[in-house]
S.K.: 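Input: one structure, supplied below.
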Amino acid sequence: ISAVIDRNPARHAALSAQALALWQQSGNRHLINAGRYNVAAALHKAGRNAEILDELQALAEDGRALQDWDLVSGALDVRGGALRALRRWPEAGVSMGQSLRAAWDGLQTVATMYALWNVAQLLPRLGHAALAAQTMAACAAQWQERCGEFEPSDARDLTRVRRSARRLLGPPAAQAAWQRGAALPLAEVVRAVLVVL
């Protein structure tokens, strides 16, 4: 499945749409919303970002109505990623901040780490390079402790954030921010990010 997702986003979107069509027949709102989310995420991977913004906002609203905080967070996170891809940085920050708050307030630890991971990649664009390094380092440490090793694409994200921090802060300050972040508890990182978003 991951090969289809990573190597052929258009095929992934088509398969997700087929699954959604079947789930819609069930009438199960949770399954239907999961299918809608999968289609939107696949379209995001395929670079069709502008067309999914409204659907992801609607999914977040449906998630709130159902108190499905994982769905709320995931939909807003992908929406933030789509806005980031469209270079709409401030709007991306708002959406990602809402994603993080929904995950954290809903006690969704894995969703919180996904939200932090993605927002760390946006923070330099919002003028927060040191916080980006701290956030990514904290998230990386938490992820390895709780979930294990990284995928190759995750390693590329880490490298990009570290490189950006070195360029914007200088190597010593970037390394200091990274080391500080790696030692921070998750709650402290969440608080720091939510202050700026």
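Only a predicted model underlies this, so the values are computations on that prediction, with no experimental measurement involved.
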S.K.: Do the side chains of R156 and E151 get close enough for a salt bridge, i.e. N-O under 4.0 angstrom?
M.R.: no
S.K.: Counting C-beta onward and ignoring hydrogens, is there a side-chain heavy-atom pair between M136 and D157 closer than 4.5 Å?
M.R.: yes
S.K.: Same cluster or not: are V189 and W178 linked, directly or through other Ile, Leu, Val, Met, Phe, Trp or Tyr residues, by side-chain heavy atoms under 4.5 angstrom apart?
M.R.: yes
S.K.: At their closest point, which heavy atom of H30 faces which heavy atom of N28, and how far apart are they?
M.R.: N-OD1, 2.9 Å
S.K.: CD/Q144 to CD/E149 distance, rounded to the nearest 0.5 angstrom?
M.R.: 5.5 Å
S.K.: Among V119, L123, L126, find the one that has a side-chain contact (heavy atoms from CB on, under 4.5 Å) with M96.
M.R.: V119
S.K.: First locate atom CG of N118, then atom CG of L76, and finally report the distance between them rounded to the nearest 0.5 Å.
M.R.: 12.5 Å
S.K.: Do W117 and D154 make a side-chain contact, defined as non-hydrogen atoms from C-beta onward lying under 4.5 Å apart?
M.R.: yes
S.K.: Could you measure the distance from the CG atom of L116 to the SG atom of C139? Nearest 0.5 Å is fine.
M.R.: 5.0 Å
S.K.: Which pairs pass side-chain hydrogen bond (donor to acceptor under 3.5 Å, both in side chains) with one or both residues in residues 132-142, sequence neighbours excluded?
M.R.: Q142-R146
S.K.: Please determine whether a side-chain nitrogen of the Lys or Arg among R48 and E51 lies less than 4.0 Å from a carboxylate oxygen of the Asp or Glu.
M.R.: yes
S.K.: Do L186 and V161 share a hydrophobic cluster (ILVMFWY, side-chain heavy atoms under 4.5 Å, transitive)?
M.R.: yes
S.K.: May I ask you to say whether R36 pairs ionically with D62, meaning some side-chain N is under 4.0 Å from a carboxylate O?
M.R.: yes
S.K.: Nearest 0.5 Å please: distance from the CG atom of L194 over to the CD atom of Q98.
M.R.: 11.0 Å
S.K.: Taking the side chain as C-beta and beyond, is there a heavy-atom pair between R79 and S95 under 4.5 Å?
M.R.: yes
S.K.: Report yes if some heavy atom in the side chain of R87 is under 4.5 Å from a heavy atom in the side chain of R125; otherwise report no.
M.R.: yes
S.K.: Should L86 and L43 be counted in the same cluster of Ile, Leu, Val, Met, Phe, Trp and Tyr side chains packed under 4.5 Å apart?
M.R.: no
S.K.: Could you check whether any side-chain heavy atom of R162 comes within less than 4.5 Å of a side-chain heavy atom of L158, counting everything from C-beta outward?
M.R.: no
S.K.: Can you confirm whether more than 12 heavy atoms, excluding those of D105, are under 6.0 Å from its CG atom?
M.R.: yes
S.K.: Quick one: OH on Y37 to CD on E55, what's the gap to the nearest 0.5 Å?
M.R.: 12.5 Å
S.K.: Report the C-alpha distance between W104 and W69 in whole Å, list the side-chain angles of each, state the deciding distance to 0.1 Å, and finish with yes or no for side-chain contact (heavy atoms from CB on, under 4.5 Å).
M.R.: CA-CA 9 Å; W104 185 249; W69 309 118; over 6 Å; no
S.K.: Are any non-hydrogen side-chain atoms of D68 and N33 less than 4.5 angstrom apart?
M.R.: no
S.K.: Any side-chain heavy atom of L197 within less than 4.5 Å of one from V94?
M.R.: no
S.K.: Taking everything shown except R160 itself, do over 12 heavy atoms lie less than 6.0 Å from its CZ?
M.R.: yes
S.K.: Give me the atom names and distance for the closest heavy-atom approach of L53 to A82.
M.R.: CD2-CB, 3.8 Å
S.K.: For the residue pair A137 and G181, what are the closest heavy atoms and their distance?
M.R.: CB-C, 4.0 Å
S.K.: For the residue pair A85 and N49, what are the closest heavy atoms and their distance?
M.R.: CB-ND2, 3.4 Å
S.K.: Looking at S99 and A115, what are the two nearest heavy atoms and their distance?
M.R.: OG-CB, 3.7 Å
S.K.: Just wondering, do L59 and L71 contact through their side chains at under 4.5 Å, heavy atoms?
M.R.: yes
S.K.: If hydrophobic clusters are built from ILVMFWY residues whose side chains come within less than 4.5 Å, do V196 and W89 share one?
M.R.: yes
S.K.: Which heavy atom of A75 sits nearest to which heavy atom of A60, and what is that distance?
M.R.: CB-N, 3.9 Å
S.K.: Kindly work out whether a path of hydrophobic side-chain contacts (I/L/V/M/F/W/Y, heavy atoms less than 4.5 Å apart) joins M113 to L122.
M.R.: yes
S.K.: Just how far is it from atom NE2 of H44 to atom CD1 of I52, taken to the nearest 0.5 Å?
M.R.: 6.5 Å
